[in-house]
Amino acid sequence: MTQIVNDGTPEMRGLLDKGRKRLRNVGVIMLVLGILAVAFPFATTIAFKTVIGWLFLIGAIGHFYGAWNADTPTRRSVDIVQGVIFGLIGVWLAFFPLGGIVTLTVLLAIAFILQGLLEILMASRLSQFPGWKWMLFSGGVAILAGVLIFAELPSSATWAIGLLLGVNLLSSGFSYLMVSMAMGKVSQG
């Protein structure tokens, strides 16, 4: 890992200051978005689901474009089938606001449980190294989150995705601000 050290030149101070300001601004934006997502988890869930739907629709257009330019009938058929599937999923997610929230929430819960199991397995393999208990703890928290989401279905569908997205934005925004503050100390040093 390369460590950037302030050599005292105006160029280095300027570079560090510019990077610090950019990180600070992104961190503040992420914190504000995270607060809004946590305050309004249902609206965030709907917005997130709609964005995913539009991404599927864009993917469908890409598959249809690929079918148009395919060099073999097999490739053309595969692209058409994929385009239709992506298009149907995209329309369902983008244009039916309440449809699909439970499905996405179930997938999220399954992903958390699988991630937790894998982290616990990894922790058991790394038990000879310091810090392995943090991975074990993280795995347990992920499993607990998945189980809690499952236990509260279908009502968890209205808040789980938005709340978790908000917590992620808050965490990322806070870390950006912390790095920005650390860079400020380096640029002054």
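Bear in mind the structure is a predicted one, so any value in this text is a computation, not a measurement.
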[X] side chain to [Y] main-chain N or O, any donor-acceptor pair under 3.5 Å?
X: Thr105; Y: Ile101; value: yes
X: Arg75; Y: Ala70; value: no
X: Thr44; Y: Gly162; value: no
X: Thr158; Y: Phe42; value: no
X: Arg76; Y: Ala67; value: yes

Report yes or no: do [X] and [Y] belong to one cluster of Ile/Leu/Val/Met/Phe/Trp/Tyr joined by side chain heavy-atom distances under 4.5 Å?
X: Leu108; Y: Leu55; answer: no
X: Met122; Y: Ile113; answer: yes
X: Val141; Y: Trp159; answer: no
X: Val38; Y: Val28; answer: yes
X: Phe137; Y: Val147; answer: no

message = Per the ring-ring contact (aromatic ring centres under 6.0 Å, His included) rule, what does the pair list look like for residues 94-125, sequence neighbours excluded?
response =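 Residue pairs with at least one partner in residues 94-125: Trp54-Phe95.
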
From [atom1] ([X]) to [atom2] ([Y]), nearest 0.5 Å:
X: Gln115; Y: Ile143; atom1: CD; atom2: CD1; answer: 9.5 Å
X: Ile110; Y: Phe150; atom1: CD1; atom2: CZ; answer: 4.5 Å
X: Asp79; Y: Phe86; atom1: CG; atom2: CZ; answer: 10.5 Å
X: Leu169; Y: Leu164; atom1: CG; atom2: CG; answer: 11.0 Å
X: Leu165; Y: Ile161; atom1: CG; atom2: CD1; answer: 9.5 Å
X: Ser155; Y: Ile149; atom1: OG; atom2: CD1; answer: 11.0 Å

[X] vs [Y] side-chain heavy atoms within contact, under 4.5 Å:
X: Leu121; Y: Leu117; result: no
X: Leu33; Y: Met30; result: no
X: Phe48; Y: Leu104; result: no
X: Leu93; Y: Thr50; result: no

ask   = Around atom CZ of Phe40, are there more than 12 heavy atoms of other residues, nucleotides or ligands at under 6.0 Å?
value =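 No - once you tally the heavy atoms of other residues, nucleotides and ligands closer than 6.0 Å, there are 12 at most.
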
inquiry  = For Met178, I'd like to know if atom CE has over 12 heavy atoms of other residues, nucleotides or ligands within 6.0 Å.
reply    = yes

request  = Any chance you could lay out the side chain to side chain contact (heavy atoms under 4.5 Å, CB included) test for Leu177 and Arg24, step after step, and finish with the verdict?
outcome  = CA-CA 5 Å; Leu177 285 177; Arg24 182 195 62 220; 3.8 Å; yes

Of all the heavy-atom pairs spanning [X] and [Y], show the shortest one and how long it is.
X: Ala60; Y: Gly83; answer: CB-O, 3.3 Å
X: Glu119; Y: Ser138; answer: OE1-OG, 2.7 Å
X: Phe64; Y: Val84; answer: CZ-N, 3.6 Å
X: Ala157; Y: Leu153; answer: N-CD2, 4.5 Å

